[in-house]
Amino acid sequence: MINRRCSRSACAEPAVATLTFAYADSTAVLGPLALRAEPGCYDLCRVHSRGLSVPRGWEVIRLPGDLNSPRASADDLMALADAVRRVGLGDAPPEPVQPAVTRRKGHLAVLADPQDD
């Protein structure tokens, strides 16, 4: 079990979500707790993740996940989200992928679920 606390000052609640930012696209990405703590990412408790607000003009992308459990998820979606965090931080080269893009904002894109085809 992961024993990380919320990054908000004076909050001692267990973290259940990880927040990352794409500053160039004015976008915040909130997803289930990352597999490990990373610089530039913020772990948030349930209350702070649900009450998240961003500056005017910014977009929030909320990835699906269980905000009731302070455990990192190891399923494929979370492994992908963790890989995206690593690429964003410059830790790993991106792998070429040709998914169906349903919507785009800057260098971020919303991808179609292959199960819906």
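A quick note: this is a predicted structure, and the numbers were derived from the prediction, not measured.
For R4 against T18, the heavy-atom pair with the smallest separation is NH2-OG1, 4.0 Å.
Of the inter-residue distances, the one linking S7 atom OG with H48 atom NE2 reads 10.5 Å to the nearest 0.5 angstrom. Rounding to the nearest 0.5 Å places SG of C11 at 11.5 Å from CG of D43. Atom CG in L63 sits 7.5 Å away from atom CG in L30 (nearest 0.5 Å).
Applying the side chain to side chain contact (heavy atoms under 4.5 Å, CB included) test to V47 and every residue at least two apart in sequence or in another chain returns C45.
Without hydrogens or angle criteria, T20 side chain to C41 main chain gives no donor-acceptor distance under 3.5 Å.
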